[in-house]
Amino acid sequence: MTYTKTAQKFYEDILTQKRNDGLFKEEYIITSPQGSWITVQFPEGAPEKRVLNLCSNNYLGLSSHPDIIKSAHDGLDKRGYGMSSVRFICGTQDTHRELEKKMSSFLGTEDTILFGSCFDANGAVFEALLTEEDAIFSDQLVHASIIDGERLAKKVTRFIYPHSDMTELEKLLKESNARIKMIITDGVFSMDGDIAKLDEITELAEKYQAMVFVDDSHSTGFIGKTGRGTAEYYGVMDKVDLITTTFGKALGGATGGCVSGKKEMIAMLRQAGRPYLFSNALMPAVVSATIKVLDILSENTDRRDKLAELAIFWRESLEKAGFELKAGNTPIIPIMLYDAKLAQDFARELFEEGVYVRGFFFPVVAQGQARIRTQMSAGLEKADLETALQSFIKVGKKLGVIK
Ligand SMILES: *Cc1c(COP(=O)(O)O)cnc(C)c1O
């Protein structure tokens with residue numbers, strides 16, 4: 001045990017620098033269930049404050065829904081707390097298979113494999129499915145977990161095309177003579193809230209015999225007419241080969257993820273996906289609750305429709321007030337501030353006004369691209385947003401962001 005002075009100082013200096021630069025991320029302590037209204041302590045131990053939450057991934061308002069909680073209880077009562085095993089040893093219950101089948105039918109795919117998280121799902125795919133004869137074509141702005149997954153597949157050639165630049169993607173595909181070509185993109189990009197050009201991507205894929213892999217973590221449940229995701233949005237559900245998504249966002253927001261798609265690739269992942277082989281099976285309560293989420297979403301599109309309406313309303317309200325937004329038409333609505341410290345100050349002032357958002361800055365977004373990312377939820381009401389707008393205007397004027 002030799003935690004040297006040198007090591008200690010190395011870390012201290014970095015942390016001090018982050019604090020001085022206004023880049024230190026502090027956690028606000030939530031003392032209520034997740035929802036549109038939450039109680040928060042900040043700093044830790046301070047009196048609780050009730051605030052409107054505009055920064056969760058609780059897109060469909062299901063995170064604390066009574067029916068979901070009940071299904072989680074059912075799972076706990078009928079199948080126990082934990083599996084104490086990976087799937088292939090003694091960690092597969094009937095409900096794990098039921099969820100995999102439900103997810104396949106929801107997404108219109110052949111088969112599905114569950115993972116402990118979508119981060120793990122993305123960590124499994126490339127290494128298990130590709131070799132040195134193959135190539136990956138990756139959008140520049142894909143999620144960190146995809147980048148890490150690609151890094152694990154060390155022998156696979158990797159091309160990165162500028163964000164949503166179809167001309168560059170085509171050039172790369174044309175020049176490649178790889179055996180398997182895999183195009184990978186986020187469906188909805190989490191920081192900008194824009195939708196990948198899946199219509200054009202699937203066309204290029206056909207033209208150059210490439211596979212299409214979409215991470216729909218910020219889409220599943222609410223993008224597309226019935227919430228099947230970005231492939232449904234573009235009418236190309238039969239042209240996407242592989243989808244990863246998370247249960248940690250719109251689909252109840254607990255934990256877990258999956259890969260869904262062609263059955264041979266799913267079978268390969270059960271044999272060779274390292275996070276699947278070496279990490280614990282999903283807990284039964286999460287499995288039961290996620291099954292219930294899919295049942296609720298298959299009944300009607302009310303939540304998804306309300307979310308879309310609120311997103312339009314909020315975007316238009318902010319624009320009218322003079323804020324600069326990233327263009328888009330998803331429930332992710334970023335307000336551009338460009339300066340990390342300003343983004344932090346903006347969030348802190350809004351918290352005082354009773355609105356909870358966070359400033360995003362490097363390394364979560366590119367240098368000089370700091371912003372407040374607001375996200376809509378079907379759990380919100382228009383009246384909540386009208387009140388929040390007044391707070392945004394007040395703080396915006398105070399900090400010189402709008403006139
Ligand atoms: C959130 C997110 C993930 C990670 O999902 P977890 O289930 O929380 O690990 C992966 N990909 C994208 C695009 C995401 O937004």
Side-chain angles (χ1 to χ4, degrees), residues 34 55-60 62-63 99-100 103 107 112-126 136 138-152 160 163-164 182-198 201 212-224 227 229-231 233 240 242-261 269 273-276 278-283 285-287 289-290 293-294 326 328 330-334 358 360 363-365 371 373-377:
Q34 186 60 279
C55 60
S56 82
N57 299 316
N58 184 18
Y59 293 111
L60 295 169
L62 294 173
S63 300
L99 175 55
E100 288 175 335
M103 193 49 111
L107 296 175
T112 298
I113 174 173
L114 304 178
F115 282 87
S117 68
C118 188
F119 204 107
D120 277 351
N122 288 331
V125 170
F126 303 100
I136 299 166
S138 187
D139 187 286
Q140 172 199 1
L141 290 189
V142 291
H143 190 259
S145 56
I146 295 172
I147 296 170
D148 287 6
E150 292 172 347
R151 283 184 186 147
L152 291 170
I160 296 167
H163 180 50
S164 285
M182 185 186 270
I183 305 170
I184 167 70
T185 180
D186 287 17
V188 168
F189 290 87
S190 56
M191 289 302 138
D192 290 0
D194 58 324
I195 304 181
K197 297 173 181 167
L198 266 196
I201 290 176
V212 179
F213 170 15
V214 180
D215 180 340
D216 251 348
S217 289
H218 281 282
S219 325
T220 307
F222 58 96
I223 298 290
T230 44
Y233 177 86
V240 171
L242 219 51
I243 296 167
T244 50
T245 194
T246 182
F247 310 147
K249 292 185 171 115
L251 305 185
T255 188
C258 66
V259 184
S260 199
L269 287 167
R274 288 172 66 84
Y276 187 79
F278 298 108
S279 185
N280 204 25
L282 272 185
M283 79 180 285
V286 167
V287 174
T290 311
V293 168
L294 294 182
K326 278 268 178 199
T330 68
I332 300 174
I333 301 164
R358 296 303 298 260
F360 283 48
V364 177
V365 293
R371 66 194 66 180
R373 181 181 70 173
T374 61
Q375 289 166 284
M376 291 296 98
S377 167

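Every number for a ligand or one of its atoms is a count from 1 in the order of the listing. Quick caveat: nothing in here was measured; it's all calculated off a predicted structure.
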Note to self: Could you tell me if S56 and Q34 have a donor-acceptor pair between their side chains, going purely by distance under 3.5 Å?
What the structure shows: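 Looking only at side-chain atoms, S56 and Q34 do not form any donor-acceptor pair under 3.5 Å.
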Next item on the list: Run through ligand 1 for me and note each protein residue having a heavy atom under 4.0 Å from it, chain first, then residue number.
Entry: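 Shell around ligand 1 (4.0 Å, heavy atoms): S117, C118, F119, N122, H143, S145, D186, D215, S217, H218, T246, K249, G256.
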Check: Are any of the side-chain heavy atoms of L198 and V212 separated by less than 4.5 Å?
Finding: yes
Notebook entry, point to check: Do the charged groups of R371 and D192 touch, with an N to O distance under 4.0 Å?
Noted result: yes
Next item on the list: Return yes if some donor-acceptor pair links the side-chain N/O of S260 with the main-chain N/O of I243 below 3.5 Å, else return no.
Entry: no
Next item on the list: Quick one: list whatever passes side-chain contact (heavy atoms from CB on, under 4.5 Å) with L152, sequence neighbours left out.
Entry: none
Item checked: Mutual orientation of the aromatic rings belonging to F119 and H143 [parallel < 30°, tilted 30-60°, perpendicular > 60°] ->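 Geometry flag for H143 against F119: perpendicular rings.
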